[in-house]
Structures are given as structure tokens and as C-alpha cells.
Amino acid sequence: MTKTILITGATDGIGLATAQHLAETGHRLILHGRNKEKLAAVTANLREASPSSDDDHIITPYIADFSDLRAVNAMAQTLRTNASAMDILINNAGVYKTSTPHTNDGIDTRFAVNLFAPFILTGALIEQMPAAGRVINLSSAAQSPVDIQAMIGKGTVGTMEAYAQSKLALTMWTRHMANKYANGPLFIAVNPGSLLNTNMVKEGWGGSNNDVSIGADILVRAALDPAFEGRSGAHFDNDKGDFGDAHPDATNPGKIAALMTALEHRTNELLSQKGSE
């Protein structure tokens, strides 16, 4: 059955490889990217690869810089208007190293892109998703206890710490959403595999021999495979090839509640500031 699937960060790495597979199998894709030329080229190539290549609407591009949370919100609101239904949302976009470590709002860019952006996007689209829908959040093997003050831009942590904390925060939010939407859609956090040869890994660690297809394969499975049904809130560790425990904080109700209170408050505060329209 053809699904409508939104993939963020779809112009390279795991996101692009996932999009290529899903396009070739005929699914209707909504692609997010932050570079206009690259997004246009990927969209054209995937339309050609799709069995429905005569339908330009089979692959639809959306541009937004996810370090700009107002741009994320604008994209989300446009999608709410244009997309009548959304079967699957793959929150893949992420950042580790960057020349602009903080946004104009003072949020660490890792937290902005890896956590706040999917939080805003999913919150805007969740009511358009069917109970049988799925939200797949790209987590990581790197997870570290969240400094909430740093998360909301009131403190500072190092590059690797910010990345690892943002990924644990995303995993904690996944658990929260699974509990909140117990009747669906399904929420899964996925570690796609350690040190896959993405641009992020090349920039941060000099590259790897682990092909990005390892990560794309598990994202496709998480999006479509019946084996994931009934596992909402779970964490899939692709290094182990199975569901497994994330960091203990990911299932700690008190810590999840504290994180969600801060995340919701800070997001509302940022989006309500002048210029958020």
C-alpha cells in the first residue's frame, strides 16, 4: 500500500538513501532539505526513480533551515495546509559539528536541530496522522544525561555533550509521545548504527567504512515493517539489530516530565516572540 512519508534531512546521508528506497517502491514522499539547489536535484532524481514518474506530486520538496525554529514552524504550518494526510514522519535531520554552534535565539544548534525542530514539526502534524501512522525519530548510540539549562539556552556544554544530550532528549520525548498517544500513531526511536559514513561522521570523525545503507535499511523497516507494530515508545538499537535499552533516563518518568515541561515552555516562548509569525 502506498504511504505518504515525510523525511527530514533528505538530501544526503541516511535520509537520502532512505528516500531513494521509498521512491523506488512507489511511496509518495515529502522531502525536507535546507539547500534549495540540492533539494531540487534530489527531487528530480527521485521523481525519475519512482514508478509513478509521470506524477510530479509523487515527490514534493520543502525547504527550511532547522536551526531557525520559526522556519520550522512555518514549514509545519504550510504542511498542515497542503498535506491532507501524513502516514509516516521520519525525523532524520540532525547536526553534530557546525560553524554556528548557537542559533539567533541562543539555543545550542544541536538541541535546535536534533530536538526542538522535530518536536515542533511533529506537534503540528500529529493530528493529521492516522492511528496506524508512525513517527520514527533518529536517535544515536551517543546518549548523555540532559542538562536542561543547556537545552533551553541558559547554559553551555561541549560539542559532543550537546549532541549526545540532544539524542537522549529526543529518545525521552519519543517515550513521552508514545504514552500520550497510546492509541496511535506509533513512536519509535532508532539508533541507525554507529559511525555510518555520513557527512556528519566525515566531518566529526574523518569517515567510516560503515555504509549509510545500514541506517537507511532500518529506517525503512521502522517505517513499514509489521514487526514494529505494538512497540510504541521502544528504542531500536541497530548496532545490536534488535530492540534494546537506551540510556536509563529514557524511561525515567520524573526526568521525562521535567524535560517535557522545559521543552514545551521554551518552545512556546520562542515561537511567541516577535517575528515568529
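Screening His247, Glu161, Gln165 against Ser144 for a side-chain hydrogen bond (donor to acceptor under 3.5 Å, both in side chains) leaves a single residue, Glu161. With Phe116 as the fixed residue, the side-chain contact (heavy atoms from CB on, under 4.5 Å) test singles out one of Thr267, Asp108, Val72, Leu170: Thr267.
One N or O on the side chain of Thr109 and one on the backbone of Pro101 form a donor-acceptor pair closer than 3.5 Å. A donor-acceptor pair under 3.5 Å is formed between the side chain of Thr122 and the backbone N or O of Pro118. The backbone N or O of Ala246 sits nowhere less than 3.5 Å from a side-chain atom of Gln143 that would complete a donor-acceptor pair. With hydrogens and angles ignored, the 3.5 Å screen pairs a side-chain donor or acceptor of Thr8 with a backbone N or O of Ala93. A distance-only check finds a donor-acceptor pair linking the side chain of Asn92 to the backbone of Gly9 [under 3.5 Å]. Using modelled atom types, one side-chain atom of Asn268 and one backbone atom of Glu264 make a donor-acceptor pair closer than 3.5 Å. When atom types are taken as modelled, the side chain of Arg28 and the backbone of His57 share a donor-acceptor pair closer than 3.5 angstrom.
Residues Pro185 and Ile126 form a side-chain contact, since some pair of their non-hydrogen atoms from C-beta on lies under 4.5 Å apart. No side-chain heavy atom of Met75 sits less than 4.5 Å from a side-chain heavy atom of Arg80. Counting heavy atoms from C-beta outward, Leu263 and Met260 have side chains that approach closer than 4.5 Å. Considering only heavy atoms from C-beta on, Gln20 stays 4.5 Å or farther from Val42 through its side chain. By the 4.5 Å heavy-atom criterion applied to side chains, Arg266 and Ile107 are counted as neighbours. With contacts defined as side-chain heavy-atom distances shorter than 4.5 Å, the pair Met151/Asp147 does not qualify. Side-chain atoms of Arg47 and Asn45, non-hydrogen and from C-beta on, never get closer than 4.5 Å to each other. Between Val220 and Leu22 there is a side-chain heavy-atom pair separated by less than 4.5 Å.
Here the CG-CD1 distance, from Leu46 to Ile7, works out to 8.5 Å after rounding to the nearest 0.5 Å. In this structure, CD1 on Ile88 lies 7.5 Å from CE on Met129, to the nearest 0.5 angstrom. Taking CG of Leu259 as the start and CG of Asn252 as the end, the distance is 11.0 Å to the nearest 0.5 Å. Atoms CG and CD, on Leu125 and Gln77 in that order, are 8.5 Å from each other to the nearest 0.5 Å. Atom CD1 in Ile30 sits 5.5 Å away from atom CG in Leu6 (nearest 0.5 Å).
Using a 4.0 Å cut-off between charged side-chain N and carboxylate O, Lys240 and Asp242 make no salt bridge. The residues Lys255 and Asp249 are annotated as salt-bridged, a charged nitrogen and a carboxylate oxygen being separated by less than 4.0 angstrom. Salt bridge Arg70/Asp105: present, at least one basic N to carboxylate O contact under 4.0 Å. Under 4.0 Å is where a charged nitrogen must lie from a carboxylate oxygen, and between Arg134 and Asp87 no such pair does.
Minimum interatomic distance between Ile90 and Ala223 (heavy atoms only, all atoms of both residues): CD1-CB, 4.3 Å. Residue Pro192 comes nearest to Leu138 through the heavy atom pair CG-CD1, 3.8 Å, listed as atom of the first residue, atom of the second, then distance. When every heavy atom of Ala71 is checked against every heavy atom of Asp65, the shortest pair comes out as CB-O, 3.9 Å. In this structure, Ala23 and Ile59 approach most closely via the heavy-atom pair CB-CD1, 4.2 Å.
Annotation for Asp239: atom CG counts as buried by contact number, over 12 foreign heavy atoms lying within 6.0 Å.
Judged purely by distance below 3.5 Å, without hydrogens or angles, the side chains of Asn191 and Asn238 never pair a donor atom with an acceptor atom. A donor and an acceptor atom, one from each side chain of Ser139 and Thr171, are located under 3.5 Å apart. A side-chain donor-acceptor contact under 3.5 Å links Asn137 and Thr174. With no hydrogens or angles considered, a side-chain donor-acceptor pair links Tyr62 and Asn82 at under 3.5 Å. Counting only N and O atoms by type, the side chains of Asn104 and Asp68 include no donor and acceptor under 3.5 Å apart.
Linking ILVMFWY residues whenever their side-chain heavy atoms come closer than 4.5 Å, directly or via other members, leaves Val157 and Tyr96 in distinct clusters.
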>> Using the rule given for side-chain contact (heavy atoms from CB on, under 4.5 Å), can you reason through Thr60 versus Leu29, listing the C-alpha separation, both sets of side-chain angles and the distance that settles it, and then say yes or no?
In response: CA-CA 6 Å; Thr60 308; Leu29 301 183; over 6 Å; no
>> Would Leu31 and Thr11 count as a side-chain contact (heavy atoms from CB on, under 4.5 Å) here? Give the steps.
In response: CA-CA 8 Å; Leu31 305 179; Thr11 57; over 6 Å; no
>> Does Ile136 form a side-chain contact (heavy atoms from CB on, under 4.5 Å) with Leu219? I'd like the steps, not just the answer.
In response: CA-CA 8 Å; Ile136 312 303; Leu219 290 189; 4.0 Å; yes
>> Using side-chain contact (heavy atoms from CB on, under 4.5 Å), reason through Lys97 and Tyr163 one step at a time and then give a plain yes or no.
In response: CA-CA 9 Å; Lys97 278 195 170 181; Tyr163 177 80; over 6 Å; no
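Side-chain rings of His32 and Phe66 approach one another, their centers coming within less than 6.0 Å. Annotation: Phe111 is not in aromatic contact with Phe119 [ring centroid separation under 6.0 Å not met].
Taking the ring centre of Phe243 as origin, the terminal cationic atom of Arg231 falls inside the region bounded by 6.0 Å and 45° from the ring axis.
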